[in-house]
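A short worksheet on the structure shown next.
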Protein chains: 2
Amino acid sequence: MDAIDRKIIAALRDNGRATYAELGRHIGLSASSVHERVAKLEAAGVITGYHAVVDPRAVGLDVTALVGVQPSDTASDDAVADALAELEEVESCYAVAGDDAFVVKVRVPTMDDLELALGRLRRIPGVSRTHTTVVLSTRFEGRPNNTALAGGGTNGT
Amino acid sequence: MDAIDRKIIAALRDNGRATYAELGRHIGLSASSVHERVAKLEAAGVITGYHAVVDPRAVGLDVTALVGVQPSDTASDDAVADALAELEEVESCYAVAGDDAFVVKVRVPTMDDLELALGRLRRIPGVSRTHTTVVLSTRFEGRPNNTALAGGGTNGT
DNA sequence: CCTGAAATGTACCGCCG
DNA sequence: CGGCGGTACATTTCAGG
């Protein structure tokens, strides 16, 4: 993982559909070399996938909420996390330090759906309490973070 | 925005580098038709971009935290949001209802860097208080949510 | 890491239902 | 209007050096 890999990663994070030829031109490498490096980055698990990003509101997901989930002592965290993963409305799930065991991001079409989703959350065996923070607006999200990339990386290999 | 568009969106969210030919085969449409539909979805702002997803730990971002930010009364929320956007460590920023005005997701290499980042956060003019929740593990993140896609769409046009 | 060449895919055209 | 086929062009994806 050298400076060229970091450039490739930055470029692909910016435009996941960039062609290898395009990347090569931008970096000063042949398309085949870029292809080979990308394949290695994928195989090494550095690049985990490519995804189209869809405007949530354009597909009717107008309500976002961050929900703290507090399990009762009787349930294992893993079991609760698995149950959370079953709920389609739960987009992300973090195990956290602090008052709650998990914080999840929920996205639903309407407030009514949020109420339904929270009901489903609370019906999960072992969930004793939820603490909901409604998102009023998303200022920015999933922005590239090159702190480590620029700083010269760790050695994954 | 019909059922075919929704299939295309779902497929591209799953694999953002899928070729038009591939999408066409999977859906039962010619590559040119898929190309035209995707172009329209991009122009309409439904698909906002394509991005490679990088394993944060593979690039040395080992620490994640959710930070509630409480501005003082003297600063406008927009000014604070702009200042938050200046910090590279801040990956996402949500304006929220509740005790805090914003919740931001911060990613940094180490705990020391988290301390530094929180210091920078608090030095933003108008930020009076921060409340940090350290993420112990990311169970899943940015998962597709087809609640609305499946449920029949809104009319963006 | 590059060159070269065959297979594949894209992008744009007019045409059709 | 949306979908289809065809074609020149670009890209991918091998081989080998």
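Looking only at distances, a side-chain donor or acceptor of A:S72 sits under 3.5 Å from a matching main-chain atom of A:G126. A distance-only check finds a donor-acceptor pair linking the side chain of A:S92 to the backbone of B:G142 [under 3.5 Å]. Judged by distance alone, the side chain of A:R122 and the main-chain N or O of A:S128 form no donor-acceptor pair under 3.5 Å.
Under 3.5 Å, the side chains of B:R6 and B:N146 contain no donor-acceptor pair of N or O atoms. Checking A:Y50 against A:E42 by side-chain atom types alone, a donor-acceptor pair falls below 3.5 Å.
Separating the NZ atom of A:K40 from the C1' atom of C:dC1 is a distance of 10 Å, rounded to the nearest angstrom. Atom CZ of B:R37 is separated from atom P of C:dA11 by 18 Å (rounded to the nearest Å). Computed from coordinates, the B:I27 CD1 to D:dG3 P distance equals 11 Å when rounded to whole Å. One atom, CG of B:L29, and another, P of C:dT10, lie 14 Å apart when rounded to the nearest Å. Atom C1' of nucleotide D:dT11 and atom NE2 of B:H35 are separated by 15 Å, given to the nearest angstrom. Following rounding to the nearest Å, B:E42 (CD) and C:dT10 (P) show an atom-to-atom distance of 13 Å. Computed from coordinates, the A:E36 CD to D:dA15 P distance equals 12 Å when rounded to whole Å.
A:L116 is not connected to A:V67 by any chain of hydrophobic side-chain contacts under 4.5 Å among Ile, Leu, Val, Met, Phe, Trp and Tyr, and they are in different clusters.
Contact check, A:R25 against D:dT11: a side-chain N or O comes under 4.0 Å of OP1 or OP2.
Ranking C:dC1, D:dC4, D:dT11 by closeness to the B:S33 side chain, first place goes to D:dC4.
Within residues 16-24 of chain B, the residues having any heavy atom closer than 4.0 Å to DNA chain C are, in order of number, B:T19, B:Y20, B:A21.
Position along DNA chain C of the nearest nucleotide to A:A31 versus B:S32 favours A:A31 as the more 5'-ward residue.
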